[in-house]
Amino acid sequence: MDKNQTKFILDEKDLATAWYNIQADLPEPLPPLLHPGTKEPTQLPPPLFCDEINKQEFSKERWIDIPEEVQSVYRLWRPTTLFRAHKLEKALDTPAKIYYKFEDSSPAGSHKPNTAVPQAYYNNKAGIKRITTETGAGQWGSAMAMACQYFGIELKVYMVRVSYQQKPYRRNLMEVWGAKCVPSPSPDTQIGQKMLAEDPNHPGSLGIAISEACEDAFAHDDTRYALGSVLNHVILHQTVIGLETKKLMEKIGDYPDIVIACVGGGSNAGGMMMPFVQDKIKGKKKDLRLICVEPTGSPSITKGLLAFDYGDVAGMAPIAFMYTLGHDFVPAPIHAGGLRYHGMSPLISHLVKLGYLEATAVPQLATFEAGIKFARTEGYISAPETDHAIKVTIDEALKCREEGKSKTIVLAHSGHGHFDMGAYDAYLSGKLEDFEYPEEKIKEAQKKLPQVNLK
Ligand SMILES: *Cc1c(COP(=O)(O)O)cnc(C)c1O
């Protein structure tokens, strides 16, 4: 393939047949997950997740086969296209080569179906009839709704209330795919009732929505819970992104100097970066930079604590060692709903700690400015989450211009913004503001961490 092409496309027969599991190659193993009650090392609580998913969460096998039934769904939109951003490069007058891996082309419009499909598949195989989950911006809920359709599973989605109001069309999408979606906090669970009693207009948070979905799954024998990010099995499924990117880079005869992705729970970044982290661990490309981008309004890595904390508000999900702003942190209502989680994937946290990944935070207004620059050059309208990665991509490309250096930059283009036009409208009419994390809150968060004594 010629570097100067615009689109780089793999053949359907080049679809990955196995996911890459970074746990096989970690120089130091991950800290354990802890049971929220006993605070002892635990598996994923079995009434929440089916066996196969539990097994994958802790597996140290380097390659895990992608079942044919999952591949047959992947083939509807995978392998996805890698683009060379010629028009953006020209507008920036940069010697950098910018590529973007385009996850927008899945039916739900983001990378999330890459894990939604195997999660629905494994639950169906285990005889599960119903799944509960939470969603922030609605990307995950709609991906899961689509995936459950393929395998005849009923789905109930608890959607963070502020997003439920900001993004009504995402709810419609879930309903078209046959799911039930309620705003969270909802009157359907005890934790939801408690939150609504405190504040009838509670904006909700991912931490609360996760508690509601877990409570619902615990209460019904035929029901399991699905999580769209954060956990190891989710990142495992997302590695199809990085595997395809590496294969394409090989065919082009190029290799990235910098890989950039936004991080909410860390799944698109993890999926893109893990196959490259493998190269770094093996010493193949020591100076490769892998940059995770978060919002200044919810900066778990750049401002948070690296500690054991609960994954949800009510303390029903396992305790994980991760970067966290505190499990009861309610982030500012930024439009990148997918980036409003208080914690971070334990895998991403671990790799930041070991120095393989770096992180930076960017304010909301600058991300929309970057997204609009991208739309006015490349044409594609990106999700507000993706705009965070675009902002840093543009910054790095401009640095190349200043330094007169040509670097190869790969951007994980996690999704489209077609259901986020309200957010673009708010930006264009000057109604958006920037949010900084209130730093005094970190002391409160520290006090509320679970007390853990590991031998
Ligand atoms: C959910 C979402 C994100 C953030 O989630 P990660 O698990 O960190 O990838 C980013 N981009 C898009 C388009 C999303 O839907």
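Computed from a predicted model, the values in this text were never measured in an experiment. Remember, it's 1-based here, ligands and their atoms both numbered in the order they're listed.
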Partners meeting side chain to side chain contact (heavy atoms under 4.5 Å, CB included) with F58 (sequence neighbours left out): L33, Q43, L44, N54
Residues E134 and S184: side-chain donor-acceptor under 3.5 angstrom: no
Selection residues 336-361 - residue pairs positive for ring-ring contact (aromatic ring centres under 6.0 Å, His included), sequence neighbours left out: none
Those residues that, when tested against E175, pass side chain to side chain contact (heavy atoms under 4.5 Å, CB included) (two or more places apart): R171, N172
Test applied, side-chain hydrogen bond (donor to acceptor under 3.5 Å, both in side chains); reference residue, Q56; option that passes from H237, E61, H233: H237
Candidates D216, T133, T132 - the one meeting side-chain hydrogen bond (donor to acceptor under 3.5 Å, both in side chains) with Y158: D216
One line per pair, note the atom names and distance for all nitrogen or oxygen contacts under 3.5 Å between ligand 1 and the protein.
residue	atom	partner	partner atom	Å
ligand 1	7 (O)	S229	OG	2.5
ligand 1	7 (O)	S267	N	2.9
ligand 1	7 (O)	S267	OG	2.7
ligand 1	8 (O)	G264	N	2.6
ligand 1	8 (O)	G265	N	3.1
ligand 1	8 (O)	G266	N	2.8
ligand 1	8 (O)	S267	N	3.4
ligand 1	9 (O)	H111	NE2	3.1
ligand 1	9 (O)	S267	OG	3.2
ligand 1	9 (O)	N268	N	2.8
ligand 1	9 (O)	N268	ND2	2.8
ligand 1	11 (N)	S414	OG	2.7
ligand 1	15 (O)	K112	NZ	2.6

